[in-house]
Protein chains: 2
Amino acid sequence: MTGNEPAPVRVLLADDEHLIRGALAALLALEDDLAVVAQAASGPEALAMAEAHRPDVAVLDLQMPGADGVAVATSLRSRLPGCRTMIVTSHGRAGHLKRALEADVRGFVPKTVSAQRLAEIIRAVHAGNRYIDPELAADAISAGDSPLTAREAEVLEYAENGAPIAEIAVRASLSPGTVRNYLSSATAKLSAENRHTAARIARARGWL
Amino acid sequence: MTGNEPAPVRVLLADDEHLIRGALAALLALEDDLAVVAQAASGPEALAMAEAHRPDVAVLDLQMPGADGVAVATSLRSRLPGCRTMIVTSHGRAGHLKRALEADVRGFVPKTVSAQRLAEIIRAVHAGNRYIDPELAADAISAGDSPLTAREAEVLEYAENGAPIAEIAVRASLSPGTVRNYLSSATAKLSAENRHTAARIARARGWL
DNA sequence: TTTCCGTAATGACATTTGTCATCTGCGGTG
DNA sequence: CACCGCAGATGACAAATGTCATTACGGAAA
């Protein structure tokens, strides 16, 4: 200790997979300019821990029980404005990236990166820069903007789990005929064979 | 080194997520009776590494590119009979567990366990014991056996992605009418509203 | 041997879904 | 203001799907 090192970056780790979270914490602890000050296994817990420990950077898993990473990032933006957020994910979907950017997430990386690389990215995010995985970014760009209207997307979302039109109509408070119209136009826009494949396509491109 | 420790357990780690694999290797290295002798990022690579390094225990991620963990375990059983296999997974589906047991997998754990616990389980598996996550086991038991016949399951699998009946008929080399019959009976057995929800139910219970 | 079950198919029928034209009303925009 | 796009709805029609009865064959079990 020479007394003139800068204060370490305070990091919050949120991941429901204990194995990964613990391992990650151990690896990040090796970097002497990073300090894992809090850990969480769920969305709500991450929020609570963030308020209690006020980290500089929150590293959030995308899929967590309670609230997913993007939802946590959104809450964090208003509740802890000084805290930068980043998302780490196994399954890189273009749609999630889009949502994440809207939540002012500064880093978006797949879990295929090395710990070294992750540490660098945490530093970059802390410094105010952004880092988006190039492959995911390319996917998001190639997917483009959604051609679906708000209602079309909503109805398609209800259709996703295979519900019959009557049920969708009730849930969306629409006439069954109207539901069929929206579904039909959405299916045509996505050039799918039926609403089920249309829903899959829209989901894959992040349009849902 | 006193010279009388038993030889460490030789472990192969296979996970496509570099972050997790690296972190895991670091944590397991802390246990002095475990030695990570090989790592792999895909199914085929895992197989190759196993043949090259002949580990005592292969810790396989369920979802990997090329070949999934269960597929690797199956190959390993014939090619390296002395090597015990275990599966680590994020998404614990009852169906995967069933497949895994058929492949003579000795350990099946979710990634929510701690590294300590994983190390213990590796030791148990190496000693010839089994360890199945209690919650996953309960799911598998409560799901019970599939009420579907072979053809019903096959047809339902083709139907899963939303393909129209004509296409399913071609793929299964069946008459469209026959396809509809199987789909109808399968839907009735699962008490679903249509083939799409039926497919989802069957998939969730591991009957596909 | 008779019976049962799974596989495979066909025909008939009802229901659901997909497609289209058409109508109304609302809120922007040139 | 006229025009356009979106929301919302209706009716009609075609196509896809779900349901059921029935037939036939082969293997396995009683």
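This is a predicted model, so every value here is computed, not measured. What's counted below: heavy atoms across the whole structure, side chains too, no hydrogens, waters or symmetry copies. Residue numbers begin at 1 in each chain, while the letters A, B, ... track the order of the sequences.
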Kindly state which residues belonging to residues 193-208 of chain B come within less than 4.0 angstrom of DNA chain D, counting heavy atoms of the residue only, listed by number.
B:Asn194, B:Arg195
Expected output: side-chain B:Arg10 to main-chain B:His53 donor-acceptor under 3.5 Å
yes
Please identify each residue that fulfils side chain to side chain contact (heavy atoms under 4.5 Å, CB included) with A:Val11, with sequence neighbours left out.
A:Val9, A:Val59, A:Ile122
Whole-Å gap separating C1' (C:dT19) and CD1 (A:Ile165)
12 Å
Examine the side chains of B:Glu17 and A:Ser90 and answer whether a donor and an acceptor come within less than 3.5 Å of each other.
yes
With no hydrogens and no angle check, is any side-chain donor or acceptor of B:Arg84 less than 3.5 Å from a backbone partner on B:Val57?
no
Show the atom names and distances, to 0.1 Å, of all donor-acceptor pairs under 3.5 Å that link a side chain in residues 45-52 of chain A to residues at least two apart or in another chain.
from: A:Glu45; atom 1: OE1; to: A:Ala41; atom 2: N; distance (Å): 3.2
from: A:Glu51; atom 1: OE2; to: A:Arg79; atom 2: NH1; distance (Å): 2.9

Is there a donor-acceptor pair closer than 3.5 Å between any side-chain N or O of A:Thr74 and the backbone N or O of A:Val70?
yes
Can you list, in residue-number order, the parts of residues 168-191 of chain A that come under 4.0 Å of DNA chain D, counting heavy atoms only?
A:Leu174, A:Ser175, A:Gly177, A:Thr178, A:Arg180, A:Asn181, A:Tyr182
Which residues in residues 149-163 of chain A have a heavy atom closer than 4.0 Å to any atom of DNA chain D?
A:Thr149, A:Ala150, A:Arg151
Rounded at 0.5 Å granularity, tell me how far CG in B:Leu28 sits from CG in B:Leu13.
6.0 Å
Pair B:Arg123 + B:Glu120, salt bridge at N-O below 4.0 Å:
no
Residue pairs meeting salt bridge (Lys or Arg N to Asp or Glu O under 4.0 Å), one or both in residues 166-191 of chain B, sequence neighbours left out, come to B:Glu152-B:Lys189, B:Glu167-B:Arg171
With distance as the sole test, does B:Asp15 use its side chain to make a donor-acceptor pair with the main-chain N or O of B:Arg21 at under 3.5 Å?
no
